[in-house]
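This report concerns only the one structure given below.
Along the sequence shown, the residues carry numbers beginning at 1.
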Amino acid sequence: MNRRDFLATPLIVAGGGFGLERTGQRGASSPAATTRPALMKVGTQHGDSDQVLRAMAGFGVNHICSRLPSVRLDDKWSVASLSRFREHVESFGIALDMMPLPMSSNDITHFELPNIMLGKSPDRDREIDDVCQMIRNASRAGIPSLKYNMTFLGVVRTEPTPGRGGAVYSTFAYDKAKQDPPLTPAGPIHADVYWERITYFLTRVVPVAAEHRVRLACHPQDPGMPRGKGFQGVDTVLGSVEGLKRFVGIAESPFHGLNFCQGSVAEMLEKPGEQIFDVIRWFGTRKKIFNVHFRNIRGGFLDFQETFIDAGDVDMLKAMRVYKEVGYDFMMMPDHVPRVEGDANEAQGFAFALGYIKALIAAVAAG
């Protein structure tokens with residue numbers, strides 16, 4: 001199968017407001033919601049070694065996002081190399097649905113292409129040119145989607161806290177977070193500056209992605225921070241639902257959307273157990289969700305724990321039903337999992353999450 005034949009659904013024009021406009025798809029009781037098939041697939045970004053691929057094939061996880069081929073545009077990003085790698089993954093009965101760009105969830109000191117975020121030309125133009133070539137090569141190699149981040153802070157957390165059965169939960173409490181140093185090496189980044197960097201990048205890369213039919217999936221800021229106040233001098237514009245709505249409206253294209261981390265989005269909400277479903281609907285009906293990190297949290301904006309998938313405030317079965325309702329048809333993958341004593345490399349935690357996701361997909365597929 002030629003992976004480039006994946007087609008995107010035309011974009012629905014975005015409106016205002018937090019919830020979903022009346023589209024006839026809001027409630028699970030609507031005919032479309034009850035009759036639409038479940039098209040989502042369990043996926044993983046756990047790795048792409050032969051050992052991992054054999055394990056995933058055994059678990060029935062037949063779609064993956066690979067690891068980063070290389071932090072620079074070199075031979076590993078060539079069409080021939082990417083094609084060989086895709087074919088190798090497919091030899092295990094697994095589809096290579098997504099691959100990262102060298103724009104990972106690292107702080108600006110360790111960000112692979114820092115000048116894109118720092119706005120330093122001509123270096124940022126050279127880095128963007130490299131990203132554009134990576135997009136072209138991925139398309140020619142039959143890889144339909146690329147994920148990336150646009151962050152200065154990376155993933156910010158405070159001290160972990162105890163969870164179920166003695167597990168360790170990754171935790172964030174803004175009031176306990178040490179802003180040391182007070183500024184990142186990027187200096188103060190006000191919202192208008194941040195948006196300029198984002199817009200400059202998107203206006204260059206999205207037309208290339210559209211021409212070559214490669215979906216670009218951006219991860220939200222993890223976690224959201226107070227608007228205007230931010231963290232370490234950075235006003236995290238991709239750390240709110242309103243910011244993500246503005247983001248998907250820049251350089252509008254069916255190939256421009258989100259690596260929708262449900263956990264990160266839940267962290268932006270005061271009451272995620274109530275609010276997350278309409279957020280999924282807003283982005284899902286507009287076909288702006290290209291991948292889902294399907295994880296749960298306890299708490300909410302500025303104070304939360306990352307729990308086991310079945311132990312947080314969000315009803316994950318209800319969430320899965322909403323993804324079915326909006327016709328989402330890409331991967332549902334675990335992201336962060338709690339640490340359990342004796343669980344080397346969190347393998348057991350990920351296996352538990354993968355099995356839980358498979359069961360939820362089967363449940364919503366059954367009706």
Salt bridge or not for [X] and [Y], using N-O below 4.0 Å?
{"X": "Lys41", "Y": "Asp329", "result": "no"}
{"X": "Lys318", "Y": "Glu274", "result": "no"}
{"X": "Arg246", "Y": "Glu242", "result": "no"}
{"X": "Arg295", "Y": "Asp335", "result": "yes"}
{"X": "Arg164", "Y": "Asp310", "result": "yes"}
{"X": "Asp123", "Y": "Lys120", "result": "no"}
{"X": "Arg157", "Y": "Asp222", "result": "yes"}

With a 4.5 Å limit on heavy-atom distance, are the side chains of [X] and [Y] in contact?
{"X": "Ile94", "Y": "His63", "value": "no"}
{"X": "Ser264", "Y": "Gln221", "value": "no"}
{"X": "Ile309", "Y": "Met316", "value": "yes"}
{"X": "Val193", "Y": "Arg197", "value": "yes"}
{"X": "Ile361", "Y": "Val42", "value": "yes"}
{"X": "Asn106", "Y": "Val155", "value": "no"}
{"X": "Pro185", "Y": "Ile108", "value": "yes"}
{"X": "Pro69", "Y": "Ser81", "value": "no"}

Exceeds 12 heavy-atom contacts within 6.0 angstrom, atom [atom1] of [X]:
{"X": "Arg72", "atom1": "CZ", "result": "no"}
{"X": "Phe85", "atom1": "CZ", "result": "yes"}
{"X": "Asp192", "atom1": "CG", "result": "yes"}
{"X": "Arg204", "atom1": "CZ", "result": "yes"}

- Task: Test Phe255 against His212 for ring pair (Phe, Tyr, Trp, His ring centres under 6.0 Å), laying out the working first.
- Result: CA-CA 9 Å; Phe255 297 93; His212 293 275; over 10 Å; no
- Message: Apply the hydrophobic cluster definition, ILVMFWY joined by side-chain contacts under 4.5 Å directly or through others, and give me every member besides Met331.
- Response: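 In the cluster with Met331 are Met98, Met333.
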- Checking side-chain contact (heavy atoms from CB on, under 4.5 Å) against Val208, which of Val131, Leu216, Val214, Ile135 comes through?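 The residue from Val131, Leu216, Val214, Ile135 that satisfies side-chain contact (heavy atoms from CB on, under 4.5 Å) with Val208 turns out to be Ile135.
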- Message: Could you go through His88 and Asp50, starting from their C-alpha distance and side-chain angles, then the distance that decides it, and tell me whether this counts as side-chain hydrogen bond (donor to acceptor under 3.5 Å, both in side chains)?
- Response: CA-CA 9 Å; His88 180 72; Asp50 285 5; 2.6 Å; yes
If every non-hydrogen atom of [X] is compared with every non-hydrogen atom of [Y], which pair is closest and at what distance?
{"X": "Ala266", "Y": "Pro272", "result": "O-CB, 3.6 Å"}
{"X": "Ala95", "Y": "Val89", "result": "C-CG1, 4.4 Å"}
{"X": "Tyr194", "Y": "Thr151", "result": "OH-CA, 3.5 Å"}
{"X": "Gly243", "Y": "Trp195", "result": "O-CH2, 3.3 Å"}
{"X": "Ala141", "Y": "Arg86", "result": "O-NE, 2.5 Å"}
{"X": "Gly47", "Y": "Arg67", "result": "CA-NE, 3.5 Å"}

If hydrophobic clusters are built from ILVMFWY residues whose side chains come within less than 4.5 Å, do [X] and [Y] share one?
{"X": "Ile280", "Y": "Val241", "answer": "yes"}
{"X": "Val61", "Y": "Val337", "answer": "no"}
{"X": "Val71", "Y": "Met117", "answer": "yes"}

- Query: Between CZ of Phe231 and CG of Leu183, what distance do you get to the nearest 0.5 Å?
  - Reply: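 Between Phe231 CZ and Leu183 CG, I get 11.5 Å after rounding to 0.5 Å.
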- Nearest 0.5 Å, what's the CG-CD distance between Leu101 and Glu112?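 Separation between the atoms: 10.0 Å.
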Give a yes or no answer on whether the side chain of [X] reaches the backbone of [Y] with a donor-acceptor pair at less than 3.5 Å.
{"X": "Gln275", "Y": "Glu270", "result": "yes"}
{"X": "His256", "Y": "Phe247", "result": "yes"}
{"X": "Lys287", "Y": "Pro254", "result": "no"}

- Task: Can you sort out the partners of Tyr328 under ring pair (Phe, Tyr, Trp, His ring centres under 6.0 Å), two or more places apart, ordered by chain and number?
- Result: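 Scan of Tyr328 (ring pair (Phe, Tyr, Trp, His ring centres under 6.0 Å), adjacent residues dropped) gives Tyr323, Phe330.
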- Query: Can you list the steps and then say if Thr171 with Glu306 is a side-chain hydrogen bond (donor to acceptor under 3.5 Å, both in side chains)?
  - Reply: CA-CA 6 Å; Thr171 300; Glu306 295 182 293; over 6 Å; no
- Walk me through it: do Gln305 and Ile297 pass the test side chain to side chain contact (heavy atoms under 4.5 Å, CB included)? CA-CA 6 Å; Gln305 297 173 302; Ile297 69 163; over 6 Å; no
- Message: Classify the ring geometry of Tyr356 against Phe352: parallel below 30°, tilted from 30° to 60°, perpendicular beyond 60°.
- Response: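 Because their plane-to-plane angle lies in the 30° to 60° range, the rings of Tyr356 and Phe352 count as tilted.
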- Message: In terms of relative ring orientation, are Phe304 and Phe172 parallel, tilted or perpendicular, with 30° and 60° separating the classes?
- Response: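 Rings of Phe304 and Phe172: tilted, as their planes differ by 30° to 60°.
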- Task: Begin with the C-alpha distance, continue with both residues' side-chain angles, and end with the deciding distance and a verdict on side chain to side chain contact (heavy atoms under 4.5 Å, CB included) for Arg227 and Val237.
- Result: CA-CA 8 Å; Arg227 181 178 297 178; Val237 299; over 6 Å; no
- Message: For His219 together with His293, are the ring centres under 6.0 Å from each other?
- Response: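 Distance test on ring centres: under 6.0 Å, yes.
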- Message: Measuring centre to centre across the rings, with the benzene-like ring taken for any Trp, is Tyr174 within less than 6.0 Å of Phe301?
- Response: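 No.
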- Query: Between Phe152 and Thr236, does a side chain to side chain contact (heavy atoms under 4.5 Å, CB included) hold up when you go through it step by step?
  - Reply: CA-CA 8 Å; Phe152 292 89; Thr236 55; over 6 Å; no
- Could you walk me through whether Phe201 and Met103 pass side chain to side chain contact (heavy atoms under 4.5 Å, CB included), step by step? CA-CA 12 Å; Phe201 176 78; Met103 299 174 69; 3.7 Å; yes
- Tell me, with the steps shown, if Ser139 and Arg136 meet side-chain hydrogen bond (donor to acceptor under 3.5 Å, both in side chains). CA-CA 5 Å; Ser139 173; Arg136 297 184 189 99; over 6 Å; no
- Task: Go through the steps to decide whether Asp129 and Gln133 satisfy the test side-chain hydrogen bond (donor to acceptor under 3.5 Å, both in side chains), and finish with yes or no.
- Result: CA-CA 6 Å; Asp129 286 343; Gln133 192 60 46; over 6 Å; no
